[in-house]
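In this chain, residues are counted from 1 in sequence order. All values below come from the heavy atoms of this structure, side chains included, with hydrogens, waters and symmetry mates left out. Indexing begins at 1, ligand by ligand and atom by atom, following the structure's order.
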Amino acid sequence: MEKVSVKVCLGTTCFVMGSANLQELIEIVPAKYGDKVEVSGVPCLGLCSVDWEFSKAPYVKVDNEIIKEASVEKVLAAIDAKLAK
Ligand code: FES
């Protein structure tokens, strides 16, 4: 089974909008899912500038799915949904 990839945007906009809290995913995810999920912090995903007017930062990508206004709960729910497939 392919690993689910989780990319937490740590670019400035997302960071200011709360991705600092999401950094705890970098510890929670491996503890919860082991090697089924790969989590990393990435520089600006380029979404904040496209979507600026209606900014929904912070953004997290779970595989190809973009999670807007991401929270730890939303990201964990998205991972669970991917793994349940
Ligand atoms: S800072 Fe996160 S998408 Fe740009």
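Using a 4.5 Å heavy-atom threshold, the side chains of Tyr33 and Asp80 count as touching. At least one side-chain heavy atom of Leu22 sits under 4.5 Å from a side-chain heavy atom of Val72. Inter-residue side-chain proximity for Val4 and Val39 is flagged as unmet; no heavy-atom pair is nearer than 4.5 Å.
Ligand 1 is approached by Gly46 to a heavy-atom distance shorter than 4.0 Å.
Metal site remark for atom 4 (Fe) of ligand 1: Cys44 contributes an N, O or S atom at a distance under 2.8 Å. Among the atoms of Cys14, an N, O or S atom is found under 2.8 Å from atom 2 (Fe) of ligand 1.
If you number the atoms of ligand 1 from 1 as listed, the ones under 4.0 Å from a heavy atom of Cys48 come out as 1 (S), 3 (S), 4 (Fe). Counting atoms of ligand 1 from 1 in the listed order, those under 4.0 Å from a heavy atom of Thr13 are 1 (S). In summary, the atoms of ligand 1 found under 4.0 Å from a heavy atom of Gly11, numbered by their order in the structure, are 1 (S). Near Cys9, meaning under 4.0 Å from one of its heavy atoms, ligand 1 places the atoms 1 (S), 2 (Fe), 3 (S).
In this structure a side-chain-to-backbone donor-acceptor pair under 3.5 Å is missing from Lys82 to Ser5. In this structure, the side chain of Ser19 does not engage the main chain of Pro58 through any donor-acceptor pair within 3.5 Å.
From Lys32, atom NZ reaches atom CD1 of Ile79 across 8.0 Å, with rounding to the nearest 0.5 Å.
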